[in-house]
Asker: 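This is the structure I want to talk about, given as structure tokens.
Model, not experiment: these values are computed from the prediction. Letters A, B, ... mirror the listed sequences (proteins, then strands); counts begin at 1.
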Protein chains: 2
Amino acid sequence: MAKKSFREQILQVREDAIVSSVNRLLAEKGFEAMTVDEVAADVGVAKASLYKHFASKEALAAAAMIRVLDRTLAMIGELEADPRNADPAHAVEQLKAVARWTMQVQLAGEMPSLPAQNSTLRAELMENRSYLDRLMEVSEKLGRWIESAQSVGALDKSLPVEVIMYTLFARACDPVLGLLKASGQYQPEQIVSMLTKTCFEGLRGS
Amino acid sequence: MAKKSFREQILQVREDAIVSSVNRLLAEKGFEAMTVDEVAADVGVAKASLYKHFASKEALAAAAMIRVLDRTLAMIGELEADPRNADPAHAVEQLKAVARWTMQVQLAGEMPSLPAQNSTLRAELMENRSYLDRLMEVSEKLGRWIESAQSVGALDKSLPVEVIMYTLFARACDPVLGLLKASGQYQPEQIVSMLTKTCFEGLRGS
DNA sequence: GTCTATAACCAGATAGAC
DNA sequence: GTCTATCTGGTTATAGAC
């Protein structure tokens, strides 16, 4: 870790503030509805200053996604540190823990929601090395757990690994969470627990 | 059914063509990315003519959603016509049939995708009586099947009805479908069958 | 009702002084 | 680097002739 000048630290802090605002606004309104003016107002800087830090609106969103992936990798790293991790019998519990965590992040209003099919944003993300590297790393770690869980019969062996992986990713931004939260009838923990159950055990139940 | 003049029929046909285009474009690109110019060009009419039929872009989307709900109600009606429907033991099969059907519609590129949290669109939909009436009717019919299925233990009795209903609605626009389709590794029937299974039996499998 | 042309507006992005 | 002020492009919506 290189030492940084005081000036650089100030800049770093400002960028962090920008990414935090972007992350929250993306979670609240989504990419299209979020405006750069809004971000600038929220951070408390002029719009032109934002463009000194980030080249485009898409770059802002990418920075927020990278931060989320870093948080995810940190969370996965904690699970890996647990010595039980070596036992395939616990792999499915690790996956459930990841699913629960992503749902909690979403309920806390900290999960950016990116329209799956926005062309300019997707194109920019697919060319962003930092983003792709992290996405790949998450995929590999989850993929290993999925294979372990399948090998001991804790997950359906007839499902391709990528089907399970996509499903887990999708549950991190499942609109059902928001609907149940908006209904106001359930505690956050109830929602997470019900949806984790339906994800792994299905609507039929165990 | 009131008889219609020839002129009215012509208009009806044109409106149908407009709604079909809107439906397809919404499925392809979503509400925000779809432009009114595009719709006009696709239908082959002037943009101003569109505004004679529909008051706003939101009204266009609402018309497409209403058509989808009508198709859904027709599909549900066919299931209800089956005499076995009276037997609660078959309720879960009816629900699976509805889930499969909505996934097939999505795979066929005929399911409009409306960003869940667009304010202007949501506000307009929530004031559209035709839309709300149909949504209510679908909900009531599915709700009865869900309760029947729970009563015979075919669905998890511990889950509130609305949790199951929201989950079924959400699976109709699950991004996993699009991802698997885009991967090109699976036939449409495979995708539908795998996702129906994970929805009802979970990732763990039966 | 349909068309061409245009108004009105708003978002993303930039120029130039400090 | 940050600000104020402005440009540019694209979108919704409408005027007015036919």
Side-chain angles (χ1 to χ4, degrees), chain A residues 4-19 21-22 25-26 28-64 112 114-115 117-125 128, chain B residues 4-19 21-22 25-26 28-64 112 114-115 117-125 128:
Chain A
K4 293 188 176 178
S5 73
F6 182 72
R7 190 176 198 83
E8 280 169 337
Q9 285 183 35
I10 295 289
L11 286 183
Q12 186 62 45
V13 167
R14 176 151 290 181
E15 287 205 358
D16 280 351
I18 294 172
V19 176
S21 281
V22 169
L25 290 170
L26 280 180
E28 279 174 17
K29 332 181 53 167
F31 180 73
E32 313 275 0
M34 179 188 82
T35 70
V36 178
D37 286 285
E38 214 169 8
V39 176
D42 192 67
V43 181
V45 301
K47 181 162 57 167
S49 301
L50 278 189
Y51 280 95
K52 294 287 182 184
H53 289 277
F54 298 94
S56 65
K57 185 186 178 185
E58 284 76 15
L60 284 172
L114 307 184
Q117 43 192 348
N118 179 298
S119 48
T120 70
L121 179 54
R122 264 198 82 79
E124 192 134 331
L125 282 178
N128 188 315
Chain B
K4 294 189 174 177
S5 74
F6 182 71
R7 190 177 200 82
E8 280 170 334
Q9 286 183 37
I10 296 290
L11 287 184
Q12 185 62 45
V13 167
R14 176 151 292 180
E15 288 205 356
D16 280 351
I18 294 172
V19 176
S21 281
V22 169
L25 290 170
L26 281 179
E28 280 175 16
K29 333 180 52 168
F31 180 74
E32 313 275 0
M34 179 188 82
T35 70
V36 177
D37 285 285
E38 213 170 10
V39 176
D42 192 67
V43 180
V45 299
K47 180 163 53 169
S49 302
L50 278 188
Y51 280 94
K52 294 289 182 183
H53 289 276
F54 298 94
S56 66
K57 184 187 180 185
E58 283 77 15
L60 282 171
L114 307 184
Q117 42 194 349
N118 178 298
S119 49
T120 71
L121 180 53
R122 265 199 79 82
E124 191 134 333
L125 282 178
N128 187 315

Asker: Out of C:dG12, D:dT11, C:dT2, which has the shortest distance to the side chain of B:Thr35?
Answerer: D:dT11

Asker: Among A:Leu25, A:Leu26, A:Val22, find the one that has a side-chain contact (heavy atoms from CB on, under 4.5 Å) with A:Leu60.
Answerer: A:Val22

Asker: Nearest of D:dC3, C:dG12, C:dT2 to any side-chain atom of A:Val45?
Answerer: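 For the A:Val45 side chain, the nearest candidate turns out to be D:dC3.
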
Asker: Give the rounded distance in Å between these two atoms: CD1 of B:Ile18 and C1' of C:dT2.
Answerer: 11 Å

Asker: Round to the nearest Å and state the distance from B:Glu124 atom CD to D:dT12 atom P.
Answerer: 13 Å

Asker: Measure CG/B:Asp37 against C1'/D:dT12 and give the value in whole Å, please.
Answerer: 9 Å

Asker: Out of C:dG12, D:dT2, D:dT4, which has the shortest distance to the side chain of A:Ser49?
Answerer: D:dT2

Asker: Out of C:dT14, D:dA13, C:dT4, which has the shortest distance to the side chain of B:Lys57?
Answerer: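 Nucleotide nearest to B:Lys57's side chain: D:dA13.
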
Asker: Rounded to whole angstroms, how far apart are OH on A:Tyr51 and C1' on D:dT4?
Answerer: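 In whole Å, D:dT4 C1' and A:Tyr51 OH are 16 Å from each other.
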
Asker: So, the side chain of B:Glu38 versus the backbone of B:Thr35: is there a donor-acceptor pair under 3.5 Å, distance only?
Answerer: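 Yes: the side chain of B:Glu38 pairs with the backbone of B:Thr35.
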
Asker: Tell me the interatomic distance from B:Leu25, atom CG, to D:dT11, atom P, rounded to whole angstroms.
Answerer: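 Rounded to the whole Å, the gap is 13 Å.
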
Asker: Given atom NZ of A:Lys47 and atom P of D:dC7, what is their separation to the nearest angstrom?
Answerer: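 My rounded result for the distance is 14 Å.
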
Asker: Classify the nucleic acid contact of A:Lys52 as base, sugar-phosphate or nothing, counting any heavy atom under 4.0 Å across all strands shown.
Answerer: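 Contact class for A:Lys52: base.
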
Asker: Carefully, step by step, assess B:Val19 and B:Phe54 under the rule side-chain contact (heavy atoms from CB on, under 4.5 Å).
Answerer: CA-CA 10 Å; B:Val19 176; B:Phe54 298 94; 4.0 Å; yes

Asker: If you check the B:Leu11 side chain, which of C:dT2, D:dC3, C:dG12 turns out closest?
Answerer: C:dT2

Asker: Please confirm whether the backbone N or O of A:Leu121 pairs with a side-chain atom of A:Glu124, one donor and one acceptor, at under 3.5 Å?
Answerer: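 No; zero donor-acceptor contacts below 3.5 Å.
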
Asker: Taking the side chain of B:Ala48 as heavy atoms from C-beta outward, which of C:dC3, D:dC3, D:dG1 is closest to it?
Answerer: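 For B:Ala48, the side-chain atoms sit closest to C:dC3.
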
Asker: Rounding to a whole Å, what distance do you find between A:Gln12:CD and D:dG1:P?
Answerer: 12 Å

Asker: Please figure out whether B:Arg14 or A:Glu32 has its closest DNA chain C nucleotide nearer the 5' end.
Answerer: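 Final value for this comparison: B:Arg14.
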
Asker: Passes side-chain contact (heavy atoms from CB on, under 4.5 Å), B:Lys57 versus B:Val39? Steps please.
Answerer: CA-CA 10 Å; B:Lys57 184 187 180 185; B:Val39 176; over 6 Å; no

Asker: Between C:dG12 atom P and A:Leu50 atom CG, what is the distance in whole Å?
Answerer: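 To the nearest whole Å, that distance equals 11 Å.
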
